[in-house]
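Remarks on the structure that follows.
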Amino acid sequence: MSSSPNRATPLGLRISAIAGLLFLHLPLALIFLYAFTTEERSFQFPPPGYTTKWFGVAWSERPDIWPPLYLSLKVAAIATALALIFGTLAAAALSRARFFGRETISLLFILPIALPGIITGISLRSAFDIMGLDFSIWTIVLGHATFCIVVVYNNAIARFRRLSGSLIEASMDLGANSFQTFWYVILPQIGTALLAGGMLAFALSFDEVIVTTFTAGQQSTLPIWMLSELIRPRQRPVTNVVAVFVVVVTLLPILAAYYLTREGEHTGGSSK
Amino acid sequence: MSQAAIAERGYGPLDRVSDIFFVRPKLLTLVLLLPPLLWIGIVYVGSLFALLLQSFYSLDDYSGLVVHEFTLSTYAQLLEEANLQIIVRTVTMSALVTIGCVIIAFPIAYYAARYARGWTKAFFYLAVMMPLWSSYLVKVYAWKLILAKEGILTWLAKNLHLSWLLDGIMALPVIGGPSLSFSYIGTFLVFVYIWIPYMILPIQAALERVPSNYIEASADLGAEPRQTFWTVIFPLALPGIIAGSIFTFSLTLGDYIVPTIVGNSRLMIGQAVYTLQGTAGNIPLAAAFTVVPMAIMGVYLWIAKRMGAFDVL
């Protein structure tokens, strides 16, 4: 939508855009740098020396890292699976029908991420208290799935809206029932959007800390482990090693989700 | 046609269900909608109401137990000097963070929407998405490294011979402190950093919808680029800014991790809620405190909807 083909970019704009992007990315680069420092008691800059020993220490000498990691992966997997089912159902229903209260319901599905996480956290916690539920992995999952549904819903509804109605009608005309139409026609069309939504939900759950502090009992997920390391640091570079790991684990699904939704932009049958 | 195809396969129970749905599409919508609606309705909205209810209870000062009787005294406590300060402090911080985010986000969004093409467009998109989705705690931790007294900012100031400036800023009342990671400036910087992507994306979406012929028309009618920006582009980008501010404002209002890790000991709403429900065991007051961001966001969302901010989300 550029207004004239050979318009030059204003210098001031270019500088402030680049400066803004640097501001967004340099802090993360520091996380990587400090994973290699020899100084473990302070955040001295520049690091007095460089070593790779912390990766070994994190791997073999810190057994406290592993249980939170497993718990986080488990919670994220279950929450994502639940979110995929409920989020897709909600998106399918709200994209196909117009009915009274539809706007309110779609607002309701956005609410868990529109309101601050602390509200979700404390209300879930007090509800668990009232119902006498003991804190366990399932209370964590309950909290996570609630906002993961929103992520899947958002991804799925965008795709459902682009889905061509004529394909579904054609499938029905050719004698397929609703389930066959869903399996052979709709699912292949929305598959990449669901995969993308699922990956984002996984990343979100794997990283969540505010709601988790309220819904976890004695167990700690990886973010909670990290939070306690931030408040009471032991070997600081080890925290950095884990942070580097977390960055890589969350970024890969996001890159994948990006490519999936980008290639899926041209949904079959929509180009009429 | 369809009769013949069905005849070949036979007519199973799935087909029967399918036919019912076909005849009654509303029933299908209901069947699809019910499970997720029950989940959100019971788990989320149910808990919210339970919490709201508790804000009308009170805490007995002597026994430390929650009195299950309807009262507004807990809300009255919110208006006490110390609690009011917490609210004012949090709202001020949220407003400043939102302004900070707009200032840094706008040029990025503007460049990405109007000048980036092809691979630069993809680059900008990923450059915004990656920080948005990378770990919240890792981002906070990165700033702990940056703002530490022995960290990179102090080192930079020393090498640029600007230590006097840094010391001068830290000596200021209210916003200063013993070091950057124990001051309001530190808290502000971390908040701005963490929420910026939430501001960039809606602004960019709004800017991308500005039709280029509006801008040409403005130029044809003799407007300077500056005039075109302020009278055509900016008003059309405003819904995007408001949409972004919903996120930056709401997220700052409810956050308690950032001010706990980077900041001075003065509480924000999130921290107050956390300590009240935890160590203090004063669920009613904690619940009343959470009503504050809910009420603020309710009004905010209502205004935002009226200004068309939801169309760019």
Side-chain angles (χ1 to χ4, degrees), chain A residues 1-3 9 13-14 16-17 20-21 23-25 27-28 30-31 34 42-45 86 89-90 92-93 96-97 105 108-109 111-112 114-119 122-124 126-127 130 142 146 149 173-175 177-179 203 207 209-210 223 226-227 230 243 246-247 250-251 254 258, chain B residues 2 5-6 14-15 18 21 29 32-33 35-36 39-40 43-44 46-48 50-51 54 104 107-108 110-111 115 126-127 129-131 133-138 141-146 148 150-152 155 196 212 215-216 250-251 253-254 256-257 261 270 273 277 283 286 290 293-294 297:
Chain A
M1 56 144 242
S2 126
S3 54
T9 315
L13 176 65
R14 186 184 286 250
S16 39
L21 285 188
F23 177 68
L24 271 177
H25 288 269
L28 288 176
L30 273 183
I31 290 280
Y34 275 100
S42 77
F43 298 122
Q44 190 189 339
F45 189 90
F86 288 107
L89 285 176
R96 67 187 291 279
I105 292 177
L108 207 62
F109 282 114
L111 215 54
L115 284 181
I118 193 161
I119 294 179
I122 187 180
S123 44
L124 284 175
S126 65
I130 291 171
L142 218 59
T146 305
I149 290 175
D173 285 349
L174 293 168
N177 65 32
S178 312
F179 301 96
D207 182 42
V209 61
I210 292 190
M226 204 155 183
L227 183 62
L230 287 191
V246 169
V247 167
T250 43
L251 284 193
I254 286 140
Y258 169 67
Chain B
S2 87
I6 288 170
L14 284 184
D15 296 293
S18 178
F21 286 151
T29 308
L32 290 174
L33 194 57
W39 179 290
I40 296 284
V43 176
Y44 189 71
S47 314
L48 273 184
L51 182 72
Q54 298 194 59
I104 301 182
I108 302 178
Y110 194 72
Y111 191 97
Y115 294 96
L126 282 178
M129 285 310 272
M130 298 221 294
W133 283 98
S134 46
S135 167
Y136 165 86
L137 272 180
V138 169
Y141 184 44
W143 279 87
K144 188 96 184 153
L145 303 176
I146 294 170
E150 68 277 10
I152 185 166
W155 177 82
I196 275 185
S212 56
I215 294 154
E216 284 164 22
S250 158
L251 290 166
L253 271 185
Y256 76 93
I257 306 263
I261 293 175
V273 170
Q277 65 85 32
I283 297 274
T290 58
M294 273 197 263
M297 285 323 292

Any idea which heavy atoms bring [X] and [Y] closest together, and the distance?
X: B:Pro107; Y: A:Ala17; value: O-CB, 4.0 Å
X: A:His25; Y: B:Ala127; value: NE2-O, 2.8 Å
X: B:Trp39; Y: A:Ile149; value: CD1-CD1, 3.5 Å
X: B:Ala286; Y: A:Ile122; value: CB-CD1, 3.8 Å
X: B:Leu137; Y: A:Asp207; value: N-OD1, 4.3 Å
X: B:Pro35; Y: A:Leu89; value: CG-CD1, 3.9 Å

(message) Between B:Leu251 and chain A, with a heavy-atom cut-off of 4.5 Å, which part of the residue counts as in contact: side chain, backbone, both or neither?
(response) neither

Which bit of [X] comes within less than 4.5 Å of chain B, counting heavy atoms only: side chain, backbone, both or neither?
X: A:Leu227; value: both
X: A:Ile31; value: both
X: A:Ile105; value: side chain
X: A:Leu24; value: both
X: A:Tyr34; value: side chain

Just give me the residue among [options] that pairs up with chain A most often, heavy atom to heavy atom, under 4.5 Å.
options: B:Val273, B:Val138, B:Leu48; answer: B:Val138
options: B:Ala50, B:Ser250, B:Ala148; answer: B:Ser250
options: B:Lys144, B:Gln277, B:Met297, B:Met129; answer: B:Gln277
options: B:Ile261, B:Thr290, B:Leu33; answer: B:Leu33
options: B:Ile146, B:Leu126, B:Ile152, B:Ile40; answer: B:Ile152
options: B:Ser134, B:Gly46, B:Ser135; answer: B:Ser135

(request) Would you mind telling me which of A:Val246, A:Val247, A:Leu111 has the largest number of heavy-atom pairs within less than 4.5 Å of chain B? (result) A:Leu111

From [X] atom [atom1] to [Y] atom [atom2], the distance as rounded to the nearest 0.5 Å:
X: B:Tyr111; Y: A:Arg14; atom1: OH; atom2: CZ; result: 4.0 Å
X: B:Ile108; Y: A:Leu13; atom1: CD1; atom2: CG; result: 10.0 Å
X: A:Ser126; Y: B:Ile283; atom1: OG; atom2: CD1; result: 6.0 Å

(message) Within the 4.5 Å heavy-atom criterion, are B:Met130 and A:Leu28 side-chain neighbours or not?
(response) no

(request) Could you check if a side-chain atom of B:Ile196 sits within less than 4.5 angstrom of a side-chain atom of A:Phe23, using non-hydrogen atoms only? (result) yes

(request) Please check if the distance between the ring centroids of B:Trp143 and A:Phe43 is under 6.0 Å. (result) no

(message) Is there a side-chain contact (heavy atoms from CB on, under 4.5 Å) between A:Phe109 and B:Tyr44? Walk through the geometry before answering.
(response) CA-CA 10 Å; A:Phe109 282 114; B:Tyr44 189 71; over 6 Å; no

